[in-house]
Every structure is written in structure tokens, then in C-alpha cells.
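Working notes for the structure below.
Every number for a ligand or one of its atoms is a count from 1 in the order of the listing.
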Amino acid sequence: MSDSTTIIEKIASNADTSAEAMAVLPNLVGLSREQLKEKVTALGIEGFRANQMWQAMYTRGATDFSQMSNIKKETQSLLANHFSIARAGVSRNAVSFDQTQKWLLKFADGNEVETVFIPDSNRGTLCVSSQVGCTLACTFCHTGTQRLVRNLTPGEIITQVLVARDGLGEWAGTTGKTKTQTHGKITRETPDRQLTNIVFMGMGEPMFNYDNVVAACRIMMDSDGLALSRRKITVSTSGVVPRIRDLAKDVGVNLAISLHAVTDELRDVIVPINRKYPIAELLDACREYVRLVPSRRIMFEYVMLNGVNDSPEDAHKLVKLLEGIPSKVNLIPFNPWPGAPYTCSSNNRIHAFGRILIAGGIASPIRKTRGEDIMAACGQLKSMSELKKGQKVRL
Ligand code: SAH
Ligand code: SF4
């Protein structure tokens with residue numbers, strides 16, 4: 001499938017300078033509104049300036065205080081002496097023949113994560129990372145072969161959205177198609193956005209970086225900022241049961257569950273966190289989620305592994321398991337990576353599996369593989385700087 005002539009890949013020159021800029025002074029990206037206000041008032045600046053800064057950062061995409069035109073020059077300099085609002089550096093940016101786009105971001109400490117933008121006819125989804133690596137070791141996942149290096153901060157999660165919006169050129173005030181958006185009393189012209197949805201399906205297990213993921217979701221959902229509704233944000237988990245309940249109460253965004261198996265026997269092997277939180281407990285938490293966040297379907301992800309989890313019996317069992325849970329099952333063709341111990345189920349087998357789910361009343365789209373030529377597909381994200389297989393958390 002790969003067609004190297006259609007790939008635009010550039011090694012960006014700003015990676016080191018921008019990562020350094022992030023390091024020198026405390027960065028304000030990723031603070032809550034309240035935290036931002038505390039920081040500016042501690043410098044003797046009026047509290048309402050924090051709201052102006054917030055808008056500049058999250059609706060106009062400011063990367064420098066000098067771009068905050070409604071704040072006077074002396075105040076801009078005072079801020080610039082104490083803080084930064086620089087993005088992470090972009091080490092690499094690749095665009096697939098299918099327009100999927102991947103950014104390799106470099107943070108101040110040299111760690112890198114990937115962010116992927118997947119455009120579709122009616123939406124554009126940004127797949128963000130929540131950790132550098134992952135402590136879990138799902139056997140089909142490339143990220144799972146990389147040891148956890150660390151959690152991302154809220155700012156490092158938000159910077160992924162900001163870099164994507166920079167790349168797509170969709171800040172308020174930029175040229176291009178616009179539409180009028182009204183939030184409360186505020187009406188503004190915003191670009192007709194390509195980036196409409198966010199999924200936490202990049203590197204890492206978001207529920208193991210819970211506080212920072214929730215803080216980032218709140219910033220994404222701020223109606224006078226990035227303005228993504230909770231219905232447009234999806235947190236995907238391999239099944240950290242206690243955090244599922246917390247997520248319902250704290251932000252109520254969409255929930256995706258990486259299920260991948262219908263028996264504990266198999267799931268214990270391919271999604272090892274199952275040994276701690278088995279299927280029945282996981283599905284109970286899902287039932288509770290839809291009670292706490294009504295009118296929401298749970299999205300179950302099911303990677304199709306040839307001869308492992310793809311039989312008609314498995315499909316029938318899945319229908320039974322999901323009884324009573326408003327759900328949708330995403331059938332994900334397994335994306336191979338070098339050394340992977342599985343192959344992808346055949347098309348026939350995937351379709352047969354899907355037909356059984358549909359007959360059982362469950363919507364079950366087959367996910368198209370996107371960005372194959374740039375290694376941007378599900379589960380393939382892995383920092384090129386960290387290729388060692390390391391120690392895993394024991395469950
Ligand atoms: N840790 C979280 C979120 C990141 S993984 C989770 O596991 O849900 C995002 C999705 O990609 C998960 O459903 C995961 O199971 C799937 N995935 C991982 N490796 C894959 C692969 N090689 N092919 C297809 N899907 C994969
Ligand atoms: Fe971690 Fe998710 Fe990959 Fe499992 S599938 S190793 S939880 S990133």
C-alpha cells in the first residue's frame with residue numbers, strides 16, 4: 001500500500017529551539033483558568049487579563065505574548081520575563097497519501113510522542129497521546145513493547161491539539177472558510193474546522209494518567225477556548241475499572257473500551273490488565289457509565305486477530321455480553337508491526353463477524369486503516385527514540 005512518492009515528510013528545524021523554549025520558563029499552556037489567574041495576579045497583573053490570555057492562546061493560537069494585542073506592551077514583557085506559551089517542538093511531520101497526518105513532538109526533556117490527524121468527509125479526528133510509552137503490555141500493540149517513560153502533563157496533551165491546529169491553519173482570524181459560532185453572549189467568526197473530534201487513542205493508557213487527562217479535557221471543553229463539546233471527545237481505556245466511574249462524574253466524555261476478547265482466558269493474555277479487572281467487572285462499570293452519563297453509547301474496540309478472537313462463536317458471545325449496554329463495536333483490522341506475533345483476520349472473516357453483531361442489534365463498523373504508509377495506524381504509534389523493550393508493571 002505504501003507509495004513513497006505521495007509522502008511528504010519533513011524534519012522540522014524548530015524542534016530543538018521550541019523544546020528549549022518550553023524548558024527555560026514555566027509554561028502556561030495546560031493550566032486551568034483559575035491557575036492561570038493565580039499566576040498573573042502574583043505578578044501584580046489584573047485578574048481579568050487571564051481571560052484575555054486564555055482567548056489569545058486557545059482561540060487565536062498565540063505562541064508568544066507579543067501576539068496578545070489587547071494587552072499593553074509592558075505587561076507583555078513582564079509575562080515574557082516569567083513565563084512561556086511555546087509549543088512542544090515538532091521533530092517530524094508526515095502526511096499520508098490519504099491525508100492522514102502525523103506529528104512527532106519533542107518535549108523539553110527530549111521525550112517524544114506522536115499525534116495523528118485523521119480527516120474524514122464529515123469530521124476530522126485528532127488522536128492524542130497521554131503517556132510516553134505505556135506500562136501495560138497488550139500483546140498486539142506496538143506501544144506496549146515500549147516501557148513507560150512518564151505521564152504527559154496537561155500542557156503536553158494540549159500542545160498536541162495546538163500543534164495540529166497550527167498545522168491545519170484553523171485559528172480564529174486566519175484566512176480560509178469561516179463560520180459564525182455563538183457561545184453564550186460571545187459571537188465570533190471561527191474557521192470552518194477540520195479538527196472536530198479528539199480521541200485519547202495514541203500512546204499510553206489515559207486512565208493511568210487520570211488527573212492530567214481530566215485537566216486536559218476540561219481545557220478542550222472550555223467554550224471560550226478550544227470549544228470541543230464533551231460529545232466530541234473520547235477517552236479509550238484497556239479497562240481501568242475504578243477510573244471509569246470517576247470519568248463519568250468528572251467530565252462525562254465518550255468512553256471507548258478496548259475489549260478485544262470475549263473470555264477472561266483469552267483477555268488475560270492479550271489485554272493483561274484483565275487479570276486485575278476481569279470482563280464482568282469491566283462491563284458492570286460500563287453499565288454504570290451509561291446510567292451516570294445518559295444517552296451515550298459505549299464504543300467497544302475489537303482488534304481482529306487471525307484465528308485468535310475472530311470466530312463466529314466469539315461474535316455470538318460478544319452479542320450476549322453486551323446485552324443491555326447501549327453500544328457500538330468498532331472492528332479494527334489488526335495493524336501489523338515488525339515482529340508482531342499476530343496477523344490480521346481475513347476480510348471475509350471480519351465481515352462475517354460484523355454480520356453476526358448487526359443481526360444481534362449492535363452497530364459494528366469496520367474501521368478503515370488510515371495512514372499506513374506513515375505508520376500512523378492504531379497501535380503503531382511509538383517514539384522512534386525509544387525502541388527498547390523494557391520492564392512492565394506486574395498486575
Ligand atoms: N491505552 C488505551 C488507548 C490507546 S490504544 C487503550 O488501550 O484503549 C488505542 C486503540 O488501538 C486500542 O483499542 C488498542 O487496542 C488499539 N490497538 C493497539 N494496537 C493495535 C494494532 N496493532 N492494530 C490495531 N489496533 C491496535
Ligand atoms: Fe497500552 Fe493501550 Fe497499547 Fe494496551 S493497547 S499496551 S493499554 S496503549
Side-chain angles (χ1 to χ4, degrees), residues 113-116 118 125-152 157 160 198-210 213 233-241 243-244 247 253-261 266-277 282 285-286 298-306 308-310 328-345 350 365-372 375-383 386 389-393 395:
V113 294
E114 291 183 337
T115 302
V116 175
I118 308 145
T125 305
L126 189 72
C127 179
V128 296
S129 294
S130 55
Q131 300 183 306
V132 184
C134 187
T135 48
L136 301 176
C138 303
T139 48
F140 51 85
C141 174
H142 201 204
T143 307
T145 65
Q146 176 181 334
R147 72 187 169 87
L148 176 78
V149 180
R150 66 172 175 84
N151 285 333
L152 297 189
I157 297 171
Q160 298 174 56
I198 307 243
V199 294
F200 284 83
M201 292 186 188
M203 292 164 67
E205 169 49 58
M207 299 298 205
F208 280 161
N209 185 16
Y210 183 79
V213 165
I233 301 172
T234 301
V235 170
S236 173
T237 179
S238 55
V240 186
V241 164
R243 289 309 198 184
I244 292 176
L247 191 74
V253 294
N254 296 321
L255 178 67
I257 301 287
S258 293
L259 191 62
H260 308 314
L266 177 62
R267 199 164 188 271
D268 279 353
V269 175
I270 67 175
V271 187
I273 198 175
N274 195 69
R275 293 179 219 154
K276 190 160 184 181
Y277 305 113
L282 177 58
C286 291
I298 310 268
M299 187 214 283
F300 290 91
E301 291 155 275
Y302 199 94
V303 63
M304 300 303 293
L305 304 172
N306 188 24
V308 176
N309 63 355
D310 61 348
K328 172 175 160 184
V329 175
N330 256 318
L331 298 176
I332 316 176
F334 169 67
N335 290 309
W337 36 271
Y342 304 107
T343 55
C344 183
S345 312
I350 299 177
I366 299 169
R367 194 179 286 171
K368 270 191 291 177
T369 294
R370 302 286 304 267
E372 265 181 304
M375 285 282 283
C378 282
Q380 289 185 329
L381 304 188
K382 175 165 170 165
S383 155
E386 179 50 78
K389 191 173 178 106
Q391 214 165 358
K392 297 289 162 188
V393 160
L395 295 163

In this structure, which one of L266, T139, T343 forms a side chain to side chain contact (heavy atoms under 4.5 Å, CB included) with V308?
L266
Within less than 4.0 angstrom of ligand 1, does H260 place any heavy atom?
yes
Checking heavy atoms under 4.0 Å, the part of I332 that sits near ligand 1 is side chain
Is S236 close to ligand 1, meaning an N/O of one under 3.5 Å from an N/O of the other?
yes
Can you check whether F140 has an N/O within less than 3.5 Å of an N/O in ligand 1?
yes
S130 near ligand 1, heavy-atom distance under 4.0 Å?
no
Number the atoms of ligand 2 from 1 as they appear, then name those within less than 4.0 Å of a heavy atom of G204, with their elements.
8 (S)
Less than 4.5 Å apart, side chain to side chain, heavy atoms only: is that true for P333 and I366?
yes
Please examine the side chains of C286 and F300, heavy atoms only from C-beta on, and report whether any two atoms are closer than 4.5 Å.
yes
Any G202 heavy atom less than 4.0 Å from ligand 1
yes
Out of P206, S130, C138, C134, whose heavy atom is nearest to atom 4 (Fe) of ligand 2?
C138
So, 4.0 Å and heavy atoms of W337: is ligand 1 close enough to count as a contact?
yes
Do E301 and M201 have side-chain heavy atoms sitting under 4.5 Å apart?
yes
Heavy-atom check, side chain of P365 versus side chain of V329, under 4.5 Å
no
Do V116 and L126 make a side-chain contact, defined as non-hydrogen atoms from C-beta onward lying under 4.5 Å apart?
no
Any idea which of S129, C134, P336, G204 brings a heavy atom closest to atom 3 (C) of ligand 1?
G204
Nearest heavy-atom approach of T237 to L255 is CG2-CD1, 4.2 Å
What are the atoms of ligand 2, with element, lying closer than 4.0 Å to any heavy atom of L136?
6 (S), 7 (S)
Does ligand 2 have a heavy atom under 4.0 Å from the side chain of C141, from its backbone, from both, or from neither?
side chain
Distance (rounded to the nearest 0.5 Å) between Q146 CD and Q131 CD
10.5 Å
Dump the intermediate steps for side chain to side chain contact (heavy atoms under 4.5 Å, CB included) on F200 and I233, then the final yes or no.
CA-CA 8 Å; F200 284 83; I233 301 172; 4.1 Å; yes
Can a non-hydrogen atom of S258 be found less than 4.0 Å from any atom of ligand 2?
no
